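Quantities reported herein were computed from a predicted structural model and do not represent experimental measurements.
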Amino acid sequence: QVQLVESGGGLVQAGESLRLSCAASGRTFSNYAMGWFRQAPGKEREFVATINYSGGTTNYADSVKGRFTISRDDAKNTVHLQMNSLKPEDTAVYYCAGRYYSGTASQEYAYGYWGQGTQVTVST
């Protein structure tokens with residue numbers, strides 16, 4: 001079992017930045033690929049970013065490519081999502097997810113572990 005707890009959400013203005021963190025506890029964090037997903041009001045949850053177990057491979061949704069960066073710190077059992085140039089359409093609850101495989105994945109069903117989510121609100 002892996003427990004995931006997100007933090008770092010908040011209210012910002014368009015163009016500003018936020019850094020989300022996801023702290024993992026339980027099994028060996030370095031064995032897990034990690035992902036970030038988000039769900040806006042009235043919409044389905046969607047893929048944002050993913051990183052493989054070593055941190056050497058990342059993938060992003062087209063909507064955030066060039067603005068968001070996913071990274072991991074295995075010494076601290078933490079994965080981060082640096083979000084720059086935020087837009088109102090980035091407003092959503094952001095979820096951290098983990099999968100007990102080395103490779104990245106953009107599908108929800110590939111992840112067995114989820115955090116409770118953290119709210120990000122971007123105002124105009």
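Using a 4.5 Å cut-off between side-chain heavy atoms of Ile, Leu, Val, Met, Phe, Trp and Tyr, with links allowed through other members, Tyr111 and Met34 fall into different hydrophobic clusters. At a threshold of 4.5 Å between side-chain heavy atoms, the hydrophobic network of Ile, Leu, Val, Met, Phe, Trp and Tyr places Val48 and Val12 in one connected group.
Across every non-hydrogen atom of Ala24 and Leu4, the tightest pair is CB-CD2, 3.6 Å. The shortest non-hydrogen separation linking Ala33 to Gly103 is CB-O, 3.1 Å. Between Thr28 and Tyr32, the shortest heavy-atom distance links the atoms O-CD1, 3.1 Å. Heavy atoms only, all atoms of each residue included: Ala110 and Ala105 are closest at CB-CB, 3.6 Å. Here the closest heavy-atom approach between residue Gly9 and residue Thr118 is recorded as N-OG1, 3.2 Å.
Judged by distance alone, the side chain of Thr91 and the main-chain N or O of Thr121 form no donor-acceptor pair under 3.5 Å. Remark: the backbone N or O of Gly117 is paired with a side-chain donor or acceptor of Glu6 at under 3.5 angstrom. Judged by distance alone, with hydrogens and angles left aside, the side-chain atoms of Thr78 form no donor-acceptor pair with the main-chain N or O of Ala23 at under 3.5 Å. At distances below 3.5 Å, not a single donor-acceptor pair connects side-chain atoms of Arg72 with backbone N or O atoms of Gly55. Within the 3.5 Å criterion, the main-chain N or O of Tyr100 finds no donor-acceptor partner in the side chain of Tyr53. Checked by atom type and distance alone, the side chain of Ser54 pairs as donor or acceptor with a backbone atom of Gly56 at under 3.5 Å.
Here the straight-line distance linking atom OG of Ser85 with atom CG of Asp90 works out to 9.5 Å at 0.5 Å rounding. Atom OG of Ser30 sits about 5.5 Å away from atom CG of Asp74, to the nearest 0.5 Å.
Under the 6.0 Å distance and 45° angle rule, Arg99 does not count as a cation-pi partner of Tyr109.
The 12-atom threshold is not exceeded at CD of Glu44, counting heavy atoms of other residues, nucleotides or ligands nearer than 6.0 Å. Applying the 6.0 Å contact sphere to OH of Tyr101 captures no more than 12 heavy atoms from other residues, nucleotides or ligands.
We find that Asp62 and Lys65 are joined by a salt bridge, their nearest charged nitrogen and carboxylate oxygen being less than 4.0 Å apart.
By the 4.5 Å heavy-atom criterion applied to side chains, Val122 and Val120 are counted as neighbours. Contact check for Thr69 versus Leu81: no side-chain heavy atoms found under the 4.5 Å cut-off. Residues Gln39 and Tyr95 meet the side-chain proximity criterion, which asks for heavy atoms closer than 4.5 Å. Annotation: side chain of Glu108 is in contact with side chain of Trp114 (closest heavy-atom distance under 4.5 Å). Residues Ile70 and Trp36 meet the side-chain proximity criterion, which asks for heavy atoms closer than 4.5 Å. A 4.5 Å side-chain heavy-atom check between Met83 and Leu20 finds at least one atom pair inside the cut-off. Proximity of Leu86 to Leu18: side-chain heavy atoms (C-beta onward) are separated by under 4.5 Å at one or more points. Contact of the Ser71 side chain with the Gln82 side chain is not registered, since no non-hydrogen atoms from C-beta on lie closer than 4.5 Å.
In this view, Phe47 and Phe37 satisfy the ring pair (Phe, Tyr, Trp, His ring centres under 6.0 Å) rule, not counting sequence neighbours. Annotation: ring pair (Phe, Tyr, Trp, His ring centres under 6.0 Å) contacts of Tyr94 (sequence neighbours excluded): none.
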Practice task
List the steps and the verdict of side chain to side chain donor-acceptor pair (under 3.5 Å) for His80 and Ser21.
Solution key: CA-CA 4 Å; His80 300 288; Ser21 297; 2.9 Å; yes

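The side chain to side chain donor-acceptor pair (under 3.5 Å) test with Thr104 singles out one residue from Asn52, Thr50, Asn59, and that residue is Asn59.
Sorted by first and then second residue, the disulfide (SG to SG under 2.5 Å) pairs with a member in residues 35-108 read Cys22-Cys96; sequence neighbours excluded.
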